[in-house]
Amino acid sequence: MLVSGRSVLLTAALTLAAGSAAAQSQFEKYQKMVAEGSPVELFELVGEGLWKKPQGPKNASLEQCDLGLGAGVLQGAYARLPRYFRDVDRVMDLETRMLHCMMTLQGRSLEEATKRLFGNADKPSEMEYLSAYVAGQSRGHAMAPGQSHPREQAAYELGRKLYFYRTGLWDFSCASCHGEEGKRIRMSELPVLYKPEAARPLIATWPAYRVSNSTFKTMQWRINNCFRQMRTPEPVFGSEVVNAMNMFLTVTAQGEPYRGPGTKR
Amino acid sequence: MADPMKIRATLKGDLADVRVLMGHPMETGQRKDGAGKPIPLHFIQEVTVKLNGKTVIEGQISQAISRNPVFSFRVKGAKSGDKVEISWLDNKGDTNRTEAAIA
Amino acid sequence: SIADSKDIVIDAPQIAENGAVVPIEISSNLPNTRSIAVLVEKNPFPLVAKFDFHEGAVPFVKINAKMGESSNVRVLAEAGGKYFTAFKEVKVTIGGCGG
(Lines give C-alpha, C1' and ligand atoms only; values in the text may rest on other atoms or scores of the structure.)
Protein backbone atom coordinates (compact mmCIF):
# COMPACT_ATOMS: atom_id res chain seq x y z
CA MET A 1 0.00 0.00 0.00
CA LEU A 2 2.72 2.40 1.13
CA VAL A 3 5.02 1.41 -1.73
CA SER A 4 2.38 1.86 -4.43
CA GLY A 5 1.35 5.19 -2.87
CA ARG A 6 4.93 6.41 -2.98
CA SER A 7 5.50 5.26 -6.54
CA VAL A 8 2.38 7.13 -7.69
CA LEU A 9 3.73 10.23 -5.99
CA LEU A 10 7.15 9.71 -7.56
CA THR A 11 5.64 9.24 -11.02
CA ALA A 12 3.53 12.34 -10.56
CA ALA A 13 6.56 14.32 -9.39
CA LEU A 14 8.67 13.08 -12.32
CA THR A 15 5.89 13.85 -14.80
CA LEU A 16 5.53 17.33 -13.35
CA ALA A 17 9.28 17.86 -13.51
CA ALA A 18 9.49 16.53 -17.06
CA GLY A 19 6.49 18.65 -18.02
CA SER A 20 8.13 21.71 -16.48
CA ALA A 21 11.39 21.05 -18.28
CA ALA A 22 9.54 20.64 -21.57
CA ALA A 23 7.56 23.81 -20.90
CA GLN A 24 10.76 25.65 -20.03
CA SER A 25 12.41 24.64 -23.29
CA GLN A 26 9.38 25.87 -25.24
CA PHE A 27 9.59 29.21 -23.43
CA GLU A 28 13.23 29.36 -24.45
CA LYS A 29 12.20 28.60 -28.02
CA TYR A 30 9.60 31.37 -27.87
CA GLN A 31 12.14 33.85 -26.51
CA LYS A 32 14.69 32.88 -29.16
CA MET A 33 12.25 33.16 -32.08
CA VAL A 34 10.87 36.46 -30.78
CA ALA A 35 14.36 37.90 -30.36
CA GLU A 36 15.26 36.86 -33.92
CA GLY A 37 12.18 38.59 -35.31
CA SER A 38 12.15 41.71 -33.18
CA PRO A 39 11.51 45.32 -34.22
CA VAL A 40 14.00 46.53 -31.59
CA GLU A 41 16.45 47.83 -34.20
CA LEU A 42 13.85 50.36 -35.31
CA PHE A 43 14.19 52.00 -31.90
CA GLU A 44 17.95 52.18 -32.39
CA LEU A 45 17.37 53.78 -35.78
CA VAL A 46 15.08 56.48 -34.43
CA GLY A 47 17.40 56.96 -31.44
CA GLU A 48 20.31 57.67 -33.75
CA GLY A 49 18.33 60.48 -35.35
CA LEU A 50 17.49 61.95 -31.96
CA TRP A 51 21.10 61.71 -30.76
CA LYS A 52 22.17 63.78 -33.74
CA LYS A 53 19.30 66.25 -33.67
CA PRO A 54 20.07 69.82 -32.51
CA GLN A 55 17.71 70.69 -29.68
CA GLY A 56 17.20 73.06 -26.78
CA PRO A 57 18.17 76.68 -26.24
CA LYS A 58 21.74 75.90 -27.32
CA ASN A 59 20.48 74.21 -30.50
CA ALA A 60 23.03 71.45 -29.99
CA SER A 61 22.90 67.70 -30.59
CA LEU A 62 24.04 65.11 -28.04
CA GLU A 63 26.99 64.13 -30.19
CA GLN A 64 29.51 65.69 -27.80
CA CYS A 65 28.05 63.92 -24.78
CA ASP A 66 30.74 62.18 -22.75
CA LEU A 67 29.45 58.80 -21.58
CA GLY A 68 32.75 57.99 -19.91
CA LEU A 69 35.00 57.18 -22.85
CA GLY A 70 35.32 60.73 -24.12
CA ALA A 71 33.06 63.21 -25.83
CA GLY A 72 30.98 61.49 -28.49
CA VAL A 73 32.55 58.05 -28.04
CA LEU A 74 29.69 55.55 -28.17
CA GLN A 75 31.35 52.25 -29.04
CA GLY A 76 31.46 50.26 -25.81
CA ALA A 77 30.34 53.18 -23.62
CA TYR A 78 27.09 51.61 -22.39
CA ALA A 79 28.95 48.45 -21.34
CA ARG A 80 31.08 50.55 -18.99
CA LEU A 81 28.13 52.08 -17.16
CA PRO A 82 27.23 52.89 -14.45
CA ARG A 83 30.42 54.70 -13.54
CA TYR A 84 31.72 57.71 -11.65
CA PHE A 85 31.86 61.03 -13.48
CA ARG A 86 34.27 63.60 -12.10
CA ASP A 87 32.48 66.58 -13.59
CA VAL A 88 29.45 65.90 -11.40
CA ASP A 89 31.21 63.97 -8.63
CA ARG A 90 28.72 61.15 -8.70
CA VAL A 91 27.89 57.79 -10.21
CA MET A 92 25.61 57.84 -13.24
CA ASP A 93 24.00 55.23 -15.45
CA LEU A 94 23.21 55.81 -19.12
CA GLU A 95 19.91 57.61 -18.70
CA THR A 96 21.10 59.78 -15.83
CA ARG A 97 24.14 60.77 -17.88
CA MET A 98 22.09 61.53 -20.99
CA LEU A 99 19.81 63.73 -18.91
CA HIS A 100 22.93 65.56 -17.74
CA CYS A 101 24.00 66.07 -21.36
CA MET A 102 20.55 67.29 -22.34
CA MET A 103 20.81 69.95 -19.67
CA THR A 104 24.43 70.97 -20.12
CA LEU A 105 25.05 70.52 -23.87
CA GLN A 106 21.56 71.39 -25.08
CA GLY A 107 20.68 73.88 -22.34
CA ARG A 108 17.38 72.18 -21.63
CA SER A 109 15.70 72.57 -18.26
CA LEU A 110 15.29 69.62 -15.89
CA GLU A 111 11.55 70.12 -16.10
CA GLU A 112 11.41 69.97 -19.88
CA ALA A 113 13.87 67.11 -20.25
CA THR A 114 12.07 64.95 -17.68
CA LYS A 115 8.54 65.83 -18.71
CA ARG A 116 7.91 62.54 -20.47
CA LEU A 117 10.58 60.00 -19.61
CA PHE A 118 8.54 56.86 -20.09
CA GLY A 119 6.43 56.56 -23.22
CA ASN A 120 3.86 54.17 -24.61
CA ALA A 121 3.33 52.00 -27.67
CA ASP A 122 2.01 54.83 -29.81
CA LYS A 123 4.68 57.27 -28.72
CA PRO A 124 7.87 56.02 -27.11
CA SER A 125 9.86 58.64 -25.21
CA GLU A 126 12.98 60.35 -26.40
CA MET A 127 14.92 58.75 -23.55
CA GLU A 128 13.75 55.29 -24.65
CA TYR A 129 14.84 55.80 -28.25
CA LEU A 130 18.18 57.25 -27.17
CA SER A 131 18.78 54.37 -24.74
CA ALA A 132 18.17 51.86 -27.53
CA TYR A 133 20.62 53.60 -29.84
CA VAL A 134 23.43 54.07 -27.35
CA ALA A 135 23.06 50.60 -25.83
CA GLY A 136 23.16 49.10 -29.32
CA GLN A 137 26.61 50.64 -29.78
CA SER A 138 27.93 48.33 -27.06
CA ARG A 139 26.94 45.06 -28.69
CA GLY A 140 29.57 42.44 -28.00
CA HIS A 141 31.44 44.50 -25.42
CA ALA A 142 31.99 42.85 -22.04
CA MET A 143 29.98 44.54 -19.31
CA ALA A 144 32.43 46.38 -17.07
CA PRO A 145 30.82 48.99 -14.82
CA GLY A 146 33.09 51.22 -12.75
CA GLN A 147 34.42 49.61 -9.56
CA SER A 148 37.63 51.40 -8.67
CA HIS A 149 36.38 54.75 -7.39
CA PRO A 150 35.10 54.94 -3.79
CA ARG A 151 31.78 56.35 -4.98
CA GLU A 152 31.37 53.42 -7.37
CA GLN A 153 32.03 50.99 -4.54
CA ALA A 154 29.60 52.87 -2.31
CA ALA A 155 26.94 52.70 -5.03
CA TYR A 156 27.42 48.94 -5.31
CA GLU A 157 27.11 48.56 -1.53
CA LEU A 158 23.99 50.70 -1.40
CA GLY A 159 22.43 48.69 -4.22
CA ARG A 160 23.24 45.41 -2.53
CA LYS A 161 21.77 46.63 0.75
CA LEU A 162 18.63 47.86 -1.04
CA TYR A 163 18.14 44.50 -2.72
CA PHE A 164 17.50 42.91 0.66
CA TYR A 165 15.89 45.91 2.35
CA ARG A 166 12.26 45.30 3.30
CA THR A 167 10.10 48.37 3.10
CA GLY A 168 6.85 49.86 1.90
CA LEU A 169 3.24 48.85 2.49
CA TRP A 170 3.88 45.17 1.94
CA ASP A 171 7.26 45.01 3.65
CA PHE A 172 8.80 43.68 0.42
CA SER A 173 12.38 43.73 -0.70
CA CYS A 174 13.64 42.80 -4.16
CA ALA A 175 14.57 39.49 -2.60
CA SER A 176 10.93 38.82 -1.70
CA CYS A 177 10.37 37.89 -5.36
CA HIS A 178 13.92 37.60 -6.63
CA GLY A 179 15.44 35.79 -3.71
CA GLU A 180 14.74 32.11 -4.18
CA GLU A 181 15.31 29.64 -6.99
CA GLY A 182 12.39 28.18 -8.87
CA LYS A 183 9.84 30.96 -8.33
CA ARG A 184 7.72 32.53 -11.03
CA ILE A 185 4.95 35.07 -11.52
CA ARG A 186 2.36 33.57 -13.84
CA MET A 187 4.44 32.03 -16.60
CA SER A 188 7.57 34.16 -16.18
CA GLU A 189 10.55 32.98 -14.19
CA LEU A 190 11.77 35.15 -11.32
CA PRO A 191 15.56 35.17 -11.56
CA VAL A 192 17.65 35.38 -8.40
CA LEU A 193 19.46 38.50 -9.49
CA TYR A 194 22.19 38.61 -6.84
CA LYS A 195 23.62 35.47 -8.44
CA PRO A 196 25.90 36.21 -11.41
CA GLU A 197 24.62 33.30 -13.48
CA ALA A 198 21.10 34.76 -13.27
CA ALA A 199 22.04 38.42 -13.62
CA ARG A 200 24.35 37.98 -16.61
CA PRO A 201 21.92 36.98 -19.36
CA LEU A 202 19.37 39.52 -18.13
CA ILE A 203 21.42 42.65 -17.63
CA ALA A 204 23.01 41.87 -21.01
CA THR A 205 19.61 42.37 -22.66
CA TRP A 206 18.33 45.60 -21.15
CA PRO A 207 16.99 48.05 -22.27
CA ALA A 208 14.41 45.99 -24.10
CA TYR A 209 11.35 45.94 -26.35
CA ARG A 210 8.41 44.41 -24.59
CA VAL A 211 6.10 42.55 -26.98
CA SER A 212 3.14 42.35 -24.60
CA ASN A 213 2.53 46.07 -24.96
CA SER A 214 4.86 47.04 -27.82
CA THR A 215 6.84 49.45 -25.67
CA PHE A 216 10.53 49.98 -25.18
CA LYS A 217 11.60 49.80 -21.55
CA THR A 218 14.78 51.05 -19.93
CA MET A 219 16.60 50.18 -16.70
CA GLN A 220 15.42 53.35 -14.96
CA TRP A 221 11.87 52.28 -15.80
CA ARG A 222 12.45 48.67 -14.78
CA ILE A 223 13.83 49.55 -11.37
CA ASN A 224 11.18 52.23 -10.82
CA ASN A 225 8.45 49.78 -11.78
CA CYS A 226 9.72 47.11 -9.40
CA PHE A 227 9.50 49.57 -6.53
CA ARG A 228 6.00 50.47 -7.66
CA GLN A 229 4.98 46.81 -7.78
CA MET A 230 6.36 46.42 -4.28
CA ARG A 231 4.05 49.26 -3.16
CA THR A 232 6.88 51.55 -2.16
CA PRO A 233 7.05 55.20 -3.25
CA GLU A 234 8.42 55.40 -6.77
CA PRO A 235 12.04 56.52 -6.83
CA VAL A 236 13.00 59.71 -8.65
CA PHE A 237 14.47 59.31 -12.14
CA GLY A 238 18.23 59.46 -12.03
CA SER A 239 18.33 59.32 -8.26
CA GLU A 240 21.14 57.84 -6.21
CA VAL A 241 18.88 54.91 -5.28
CA VAL A 242 18.12 53.83 -8.83
CA ASN A 243 21.72 54.28 -9.92
CA ALA A 244 22.88 52.23 -6.93
CA MET A 245 20.50 49.39 -7.82
CA ASN A 246 21.64 49.52 -11.44
CA MET A 247 25.26 49.46 -10.29
CA PHE A 248 24.65 46.45 -8.05
CA LEU A 249 22.93 44.50 -10.84
CA THR A 250 25.48 45.41 -13.48
CA VAL A 251 28.47 44.56 -11.27
CA THR A 252 26.80 41.21 -10.52
CA ALA A 253 26.52 40.66 -14.28
CA GLN A 254 30.00 41.89 -15.12
CA GLY A 255 32.03 40.11 -17.75
CA GLU A 256 29.01 39.09 -19.77
CA PRO A 257 29.19 40.30 -23.39
CA TYR A 258 26.43 42.82 -23.90
CA ARG A 259 23.97 41.45 -26.47
CA GLY A 260 22.27 44.66 -27.47
CA PRO A 261 18.78 45.85 -26.63
CA GLY A 262 16.66 42.81 -25.92
CA THR A 263 13.16 41.63 -26.66
CA LYS A 264 10.97 40.37 -23.86
CA ARG A 265 7.43 39.19 -23.36
CA MET B 1 10.78 59.78 -37.62
CA ALA B 2 7.35 58.43 -38.56
CA ASP B 3 7.11 54.78 -39.57
CA PRO B 4 10.76 53.73 -39.46
CA MET B 5 11.66 50.79 -41.69
CA LYS B 6 14.76 48.67 -42.04
CA ILE B 7 15.89 45.78 -44.24
CA ARG B 8 18.67 43.35 -43.55
CA ALA B 9 19.50 41.13 -46.55
CA THR B 10 22.25 38.53 -46.32
CA LEU B 11 23.42 36.00 -48.86
CA LYS B 12 23.55 32.32 -47.97
CA GLY B 13 24.80 30.45 -51.03
CA ASP B 14 22.53 31.64 -53.78
CA LEU B 15 19.63 32.26 -51.41
CA ALA B 16 19.23 35.63 -49.79
CA ASP B 17 17.63 35.91 -46.35
CA VAL B 18 15.65 39.13 -46.24
CA ARG B 19 14.35 40.49 -42.94
CA VAL B 20 12.29 43.65 -42.86
CA LEU B 21 11.26 45.64 -39.79
CA MET B 22 8.33 48.02 -40.11
CA GLY B 23 7.11 50.54 -37.56
CA HIS B 24 3.30 50.46 -37.67
CA PRO B 25 0.56 50.33 -35.01
CA MET B 26 -1.41 47.50 -36.70
CA GLU B 27 -4.55 48.47 -34.80
CA THR B 28 -7.23 45.80 -34.86
CA GLY B 29 -10.07 48.19 -34.27
CA GLN B 30 -10.96 46.26 -31.12
CA ARG B 31 -8.90 48.20 -28.61
CA LYS B 32 -10.41 51.09 -26.69
CA ASP B 33 -8.64 54.27 -25.64
CA GLY B 34 -8.58 55.73 -22.12
CA ALA B 35 -12.00 57.29 -22.62
CA GLY B 36 -13.55 54.00 -23.76
CA LYS B 37 -13.69 54.96 -27.42
CA PRO B 38 -12.66 52.30 -29.96
CA ILE B 39 -9.32 53.00 -31.62
CA PRO B 40 -9.92 52.83 -35.38
CA LEU B 41 -8.63 50.04 -37.59
CA HIS B 42 -5.19 51.02 -38.88
CA PHE B 43 -3.02 48.33 -40.40
CA ILE B 44 -0.71 47.43 -43.27
CA GLN B 45 -2.73 45.70 -45.99
CA GLU B 46 -0.12 45.00 -48.65
CA VAL B 47 3.58 44.27 -48.64
CA THR B 48 5.59 44.01 -51.87
CA VAL B 49 9.08 42.60 -52.15
CA LYS B 50 11.14 43.39 -55.26
CA LEU B 51 14.50 42.04 -56.31
CA ASN B 52 16.34 44.30 -58.74
CA GLY B 53 13.07 46.01 -59.59
CA LYS B 54 11.10 42.85 -60.24
CA THR B 55 8.25 41.86 -57.89
CA VAL B 56 8.99 38.49 -56.31
CA ILE B 57 6.62 38.36 -53.34
CA GLU B 58 3.26 40.00 -52.69
CA GLY B 59 1.72 39.82 -49.26
CA GLN B 60 -1.84 40.51 -48.22
CA ILE B 61 -1.70 41.36 -44.56
CA SER B 62 -4.40 41.56 -41.93
CA GLN B 63 -4.70 43.37 -38.62
CA ALA B 64 -3.79 40.06 -36.94
CA ILE B 65 -0.15 40.64 -37.74
CA SER B 66 1.64 41.99 -34.65
CA ARG B 67 2.35 45.65 -34.07
CA ASN B 68 5.66 46.79 -35.57
CA PRO B 69 5.68 43.88 -38.01
CA VAL B 70 8.77 41.89 -38.80
CA PHE B 71 8.77 39.62 -41.86
CA SER B 72 11.42 37.25 -43.13
CA PHE B 73 11.52 36.18 -46.75
CA ARG B 74 13.90 34.26 -48.98
CA VAL B 75 14.79 35.00 -52.57
CA LYS B 76 16.86 32.81 -54.86
CA GLY B 77 19.33 33.47 -57.63
CA ALA B 78 20.56 36.55 -55.79
CA LYS B 79 24.07 37.97 -55.74
CA SER B 80 25.88 40.28 -53.40
CA GLY B 81 24.97 43.86 -54.25
CA ASP B 82 21.55 43.02 -55.72
CA LYS B 83 18.89 45.47 -54.65
CA VAL B 84 15.97 44.44 -52.45
CA GLU B 85 13.13 46.93 -52.21
CA ILE B 86 10.18 46.45 -49.87
CA SER B 87 7.11 48.66 -49.72
CA TRP B 88 3.86 48.66 -47.80
CA LEU B 89 0.41 50.17 -48.16
CA ASP B 90 -1.99 50.54 -45.24
CA ASN B 91 -5.77 50.85 -44.99
CA LYS B 92 -5.54 54.64 -44.73
CA GLY B 93 -3.69 54.83 -48.03
CA ASP B 94 -0.34 55.62 -46.41
CA THR B 95 2.75 53.98 -47.86
CA ASN B 96 6.38 53.50 -47.03
CA ARG B 97 9.33 51.86 -48.73
CA THR B 98 12.95 51.16 -48.18
CA GLU B 99 15.68 49.31 -49.97
CA ALA B 100 18.96 47.60 -49.23
CA ALA B 101 21.72 45.88 -51.10
CA ILE B 102 22.23 42.20 -50.41
CA ALA B 103 25.32 41.87 -48.26
CA SER C 1 -10.75 18.85 -51.45
CA ILE C 2 -7.69 19.94 -49.51
CA ALA C 3 -5.08 17.33 -48.69
CA ASP C 4 -2.99 17.32 -45.53
CA SER C 5 0.65 17.65 -46.40
CA LYS C 6 3.84 16.96 -44.49
CA ASP C 7 5.67 19.10 -47.03
CA ILE C 8 4.34 22.19 -45.32
CA VAL C 9 6.62 22.83 -42.36
CA ILE C 10 5.35 25.07 -39.57
CA ASP C 11 7.89 26.13 -36.98
CA ALA C 12 6.40 27.89 -33.96
CA PRO C 13 6.83 27.58 -30.21
CA GLN C 14 4.38 25.16 -28.60
CA ILE C 15 3.82 27.73 -25.88
CA ALA C 16 3.84 31.49 -26.46
CA GLU C 17 4.54 33.59 -23.39
CA ASN C 18 2.35 36.32 -24.83
CA GLY C 19 -0.29 36.27 -27.55
CA ALA C 20 0.56 39.76 -28.86
CA VAL C 21 3.58 38.39 -30.73
CA VAL C 22 3.69 34.75 -31.78
CA PRO C 23 6.55 34.00 -34.18
CA ILE C 24 5.62 31.54 -36.93
CA GLU C 25 7.93 30.29 -39.64
CA ILE C 26 6.50 28.47 -42.66
CA SER C 27 8.22 26.58 -45.44
CA SER C 28 6.62 24.70 -48.29
CA ASN C 29 8.54 21.89 -49.94
CA LEU C 30 5.67 21.26 -52.35
CA PRO C 31 6.83 21.78 -55.94
CA ASN C 32 5.52 24.96 -57.59
CA THR C 33 4.15 26.50 -54.41
CA ARG C 34 2.44 29.68 -55.57
CA SER C 35 0.98 30.94 -52.33
CA ILE C 36 0.87 30.39 -48.59
CA ALA C 37 -1.99 31.55 -46.38
CA VAL C 38 -1.71 31.58 -42.59
CA LEU C 39 -4.74 31.32 -40.35
CA VAL C 40 -5.25 31.29 -36.61
CA GLU C 41 -8.39 29.24 -36.28
CA LYS C 42 -9.69 30.78 -33.05
CA ASN C 43 -8.92 34.43 -33.84
CA PRO C 44 -11.94 36.73 -34.37
CA PHE C 45 -10.73 37.13 -37.96
CA PRO C 46 -8.81 33.94 -38.74
CA LEU C 47 -6.87 34.94 -41.87
CA VAL C 48 -3.59 36.44 -40.70
CA ALA C 49 -1.75 36.87 -44.01
CA LYS C 50 -1.39 35.44 -47.50
CA PHE C 51 1.74 35.54 -49.61
CA ASP C 52 2.03 35.02 -53.36
CA PHE C 53 5.40 33.85 -54.60
CA HIS C 54 6.59 34.75 -58.10
CA GLU C 55 9.67 33.58 -59.91
CA GLY C 56 12.72 34.25 -57.79
CA ALA C 57 10.95 33.80 -54.48
CA VAL C 58 11.33 30.85 -52.16
CA PRO C 59 8.01 29.67 -50.63
CA PHE C 60 9.10 30.62 -47.13
CA VAL C 61 7.96 33.27 -44.71
CA LYS C 62 8.36 34.16 -41.05
CA ILE C 63 5.75 36.37 -39.45
CA ASN C 64 4.73 37.63 -36.01
CA ALA C 65 1.04 36.96 -35.45
CA LYS C 66 -1.41 38.01 -32.78
CA MET C 67 -3.21 35.14 -31.16
CA GLY C 68 -6.20 35.81 -28.95
CA GLU C 69 -6.06 32.41 -27.29
CA SER C 70 -4.52 28.97 -27.68
CA SER C 71 -5.37 27.72 -31.14
CA ASN C 72 -4.29 25.76 -34.15
CA VAL C 73 -2.19 27.72 -36.58
CA ARG C 74 -3.28 26.51 -40.00
CA VAL C 75 -1.46 26.94 -43.29
CA LEU C 76 -3.01 26.63 -46.72
CA ALA C 77 -0.59 26.27 -49.60
CA GLU C 78 -1.47 26.42 -53.27
CA ALA C 79 0.89 24.35 -55.37
CA GLY C 80 0.53 23.11 -58.92
CA GLY C 81 -3.10 24.25 -59.05
CA LYS C 82 -4.13 22.33 -55.91
CA TYR C 83 -4.51 23.25 -52.24
CA PHE C 84 -2.70 21.53 -49.35
CA THR C 85 -2.86 22.12 -45.63
CA ALA C 86 -1.05 21.56 -42.35
CA PHE C 87 -1.49 22.84 -38.82
CA LYS C 88 0.32 23.22 -35.53
CA GLU C 89 -1.16 23.86 -32.13
CA VAL C 90 0.19 26.86 -30.26
CA LYS C 91 -0.75 27.47 -26.64
CA VAL C 92 -0.90 31.05 -25.48
CA THR C 93 -0.20 32.01 -21.88
CA ILE C 94 0.49 35.24 -20.04
CA GLY C 95 3.77 35.94 -18.38
CA GLY C 96 5.00 38.43 -15.83
CA CYS C 97 3.61 40.76 -13.23
CA GLY C 98 2.22 43.55 -15.36
CA GLY C 99 0.41 41.81 -18.17
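Only the backbone of C/A20 comes within less than 4.5 Å of a heavy atom in chain B; its side chain stays farther off. Neither the backbone nor the side chain of C/P59 comes within contact range of chain B; no heavy atoms are under 4.5 Å apart. Heavy atoms closer than 4.5 Å to chain C are found in the side chain of B/Q30, but not in its backbone. Residue B/L51 does not touch chain C at all, counting heavy-atom pairs closer than 4.5 Å. Of the two parts of B/R19, neither the backbone nor the side chain holds a non-hydrogen atom closer than 4.5 Å to a non-hydrogen atom of chain C. Using a 4.5 Å cut-off between heavy atoms, C/N64 touches chain B through backbone and side chain atoms alike. Of the atoms belonging to C/I63, heavy atoms from both backbone and side chain fall under 4.5 Å from chain B.
Within 6.0 Å of NZ in C/K91 there are 12 or fewer heavy atoms belonging to other residues, nucleotides or ligands. More than 12 heavy atoms of other shown residues, nucleotides or ligands fall within 6.0 angstrom of atom NZ in B/K54.
No donor-acceptor pair closer than 3.5 Å links the side chain of C/N72 to the backbone N or O of C/R74.
With no hydrogens or angles considered, a side-chain donor-acceptor pair links B/D90 and B/H42 at under 3.5 Å. No side-chain donor-acceptor contact under 3.5 Å links B/N96 and B/D3.
The CD1 atom of B/I7 sits 5.0 Å away from atom OG1 of B/T98, with the distance rounded to the nearest 0.5 Å.
Between chain C and the options B/G59, B/A64, B/A16, heavy-atom pairs under 4.5 Å are most frequent for B/A64. Between chain C and the options B/V49, B/V18, B/T55, the largest number of non-hydrogen pairs under 4.5 Å is found for B/T55.
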inquiry  = Let's go through C/D52 and C/K50 carefully: what are the C-alpha distance in whole Å and the side-chain angles of both, what is the deciding distance for salt bridge (charged side-chain N to carboxylate O under 4.0 Å, His left out) to 0.1 Å, and is it a yes or a no?
reply    = CA-CA 7 Å; C/D52 293 316; C/K50 176 179 178 269; 3.0 Å; yes
